[in-house]
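Report on one structure; see the data block that follows.
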Amino acid sequence: MYVDIGILGFVFSGLVVGFIVGLTGVGGGSLMTPLLLWFGINPATAVGTDLLYAAITKSSGVIAHQRNNNINWRIAGLLSLGSIPASLFALWLLTKFHADSHAQESIIKQALGYVLVLTALAIFFKKQLLAYSQKSIISTKNIPPNVYTGLTVLTGVVLGIIVSLTSIGAGALGTVALFMLYPLLTSRRLVGTEIAHAVPLTLIAGLGHASMGNVDWHLLIYLLIGSLPGVYIGGSLSGRIPESVLRPCMALMLLGVGYNLVV
């Protein structure tokens with residue numbers, strides 16, 4: 001009976017997170033990982049499972065965005081040039097603490113806390129950040145292209161480390177970073193590019209965690225059962241619920257969870 005209740009809880013969690021992702025386009029890892037921690041899942045297992053969950057759920061997004069020509073593959077490739085090696089390095093560091101489960105759990109919990117706070121701030125101040133990036137177009141138009149190339153690769157490095165340690169950041173933080181670097185690109189192309197970059201990153205990081213035994217395969221299936229219809233329902237209602245209400249609520253929740261993990 002208790003197992004059945006637990007399974008229903010995981011399926012419902014997938015449904016809720018999928019619904020919010022479909023509705024707002026953000027919130028996958030930043031909501032799923034804290035939910036799994038609330039269920040008592042080990043932090044390392046929560047991160048590893050959520051990484052593969054993200055890779056699977058976002059794969060369909062790549063197909064849809066490519067069909068609509070919403071992906072800039074050059075930018076996605078530059079991000080991956082930095083994020084994939086950085087992800088492998090972060091995974092290698094975790095293997096050094098694999099024998100000491102308490103040390104590994106402490107590293108992941110601390111990283112989760114700080115990244116959740118940072119994600120909450122990015123969500124809460126997204127409009128202000130985007131407005132600033134639009135105003136900065138004139139002052140940055142003379143910057144050489146190779147500087148943007150280097151900054152894009154560096155952004156990938158940061159995202160690779162953050163995502164591999166916490167499963168968070170590929171969505172909210174990645175999208176905001178791209179908006180700051182490429183304010184002239186349309187929102188749809190930036191989102192599509194971020195998703196195209198996130199899939200291989202989360203897949204590699206997820207498989208790395210799986211090799212350390214940090215993935216609960218049954219849990220992954222339960223989450224997917226709920227999230228797939230959730231994304232569809234949320235997407236169909238997108239625009240009917242104002243983001244001015246959803247985003248602050250989401251940001252405050254993530255801020256609270258992040259603070260509790262850090263202190």
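- Annotation: side chain of I75 is not in contact with side chain of H197 (no heavy-atom distance under 4.5 Å).
- Here the side chain of T49 pairs no donor or acceptor atom with the backbone of A46 at under 3.5 angstrom.
- Nearest heavy-atom pair across T57 and S227 is CG2-OG, 3.8 Å.
- Residues satisfying the side chain to side chain contact (heavy atoms under 4.5 Å, CB included) test with L78, not counting sequence neighbours, are R74, T149, T152, V153.
- Interatomic distance, CD1 of I204 versus CG of L52, reported as 11.5 Å (0.5 Å rounding).
- To the nearest 0.5 Å, atom CD1 of residue I162 and atom OG of residue S87 are 12.0 Å apart.
- Looking at I41 and L219, their side chains come closer than 4.5 Å, going by heavy atoms from C-beta outward.
- Atom CZ of F39 sits in a crowded spot, with more than 12 heavy atoms from other residues, nucleotides or ligands closer than 6.0 Å.
- Between the side chain of S164 and the backbone N or O of I161 there is no donor-acceptor pair closer than 3.5 Å.
- In this structure, the side chain of S80 engages the main chain of A76 through a donor-acceptor pair within 3.5 Å.
- Within the 4.5 Å cutoff, side-chain heavy atoms of P43 are placed close to those of L37.
- To the nearest 0.5 Å, atom CG of residue L51 and atom CG of residue L203 are 9.5 Å apart.
- The hydrophobic clustering, which links ILVMFWY residues whose side-chain heavy atoms are closer than 4.5 Å, places L36 and I225 together.
- The closest side-chain donor-acceptor pair between T33 and D50 falls under 3.5 angstrom.
- By the criterion of side-chain heavy atoms lying less than 4.5 angstrom apart, applied directly or through intervening Ile, Leu, Val, Met, Phe, Trp or Tyr residues, I195 is not grouped with I63; the two fall into different hydrophobic clusters.
- When hydrophobic clusters are built by joining Ile, Leu, Val, Met, Phe, Trp and Tyr residues whose side-chain heavy atoms come closer than 4.5 Å, directly or via intermediates, L228 is not grouped with L8.
- Shortest non-hydrogen contact noted between G82 and P85 is O-CD, 3.6 Å.
- Contact of the I56 side chain with the L220 side chain is registered, since non-hydrogen atoms from C-beta on lie closer than 4.5 Å.
- For the pair T193 (side chain) and N72 (backbone), a donor-acceptor distance under 3.5 Å is present.
- Partners of L154 by side chain to side chain contact (heavy atoms under 4.5 Å, CB included), not counting sequence neighbours: none found.
- Separating the OG atom in S83 from the CG atom in L88 is a distance of 9.5 Å, to the nearest 0.5 Å.
- Criterion: ILVMFWY side-chain heavy atoms under 4.5 Å apart, direct or through other members. Under it, L81 and I84 are not part of a common hydrophobic cluster.
- The closest side-chain heavy-atom distance from I71 to R189 is not below 4.5 Å.
- Proximity of V117 to Y114: side-chain heavy atoms (C-beta onward) are nowhere separated by under 4.5 Å.
- Under the 4.5 Å side-chain heavy-atom criterion for ILVMFWY residues, a single connected hydrophobic cluster contains both L207 and M32.
- Smallest separation of non-hydrogen atoms from Y53 and L224: CD1-CD2, 3.8 Å.
- Residue pairs meeting the side chain to side chain donor-acceptor pair (under 3.5 Å) criterion with at least one partner in residues 153-163, sequence neighbours excluded, do not occur; the list is empty.
- Between H209 and L94, the closest side-chain pair of non-hydrogen atoms falls below 4.5 Å.
- We find that E194 and K58 are joined by a salt bridge, their nearest charged nitrogen and carboxylate oxygen being less than 4.0 Å apart.
- Going from atom CG of N42 over to atom CG of D216 covers 10.5 Å, rounded to the nearest 0.5 Å.
- Between the side chain of R67 and the main chain of V62, no donor-acceptor pair closer than 3.5 Å is present.
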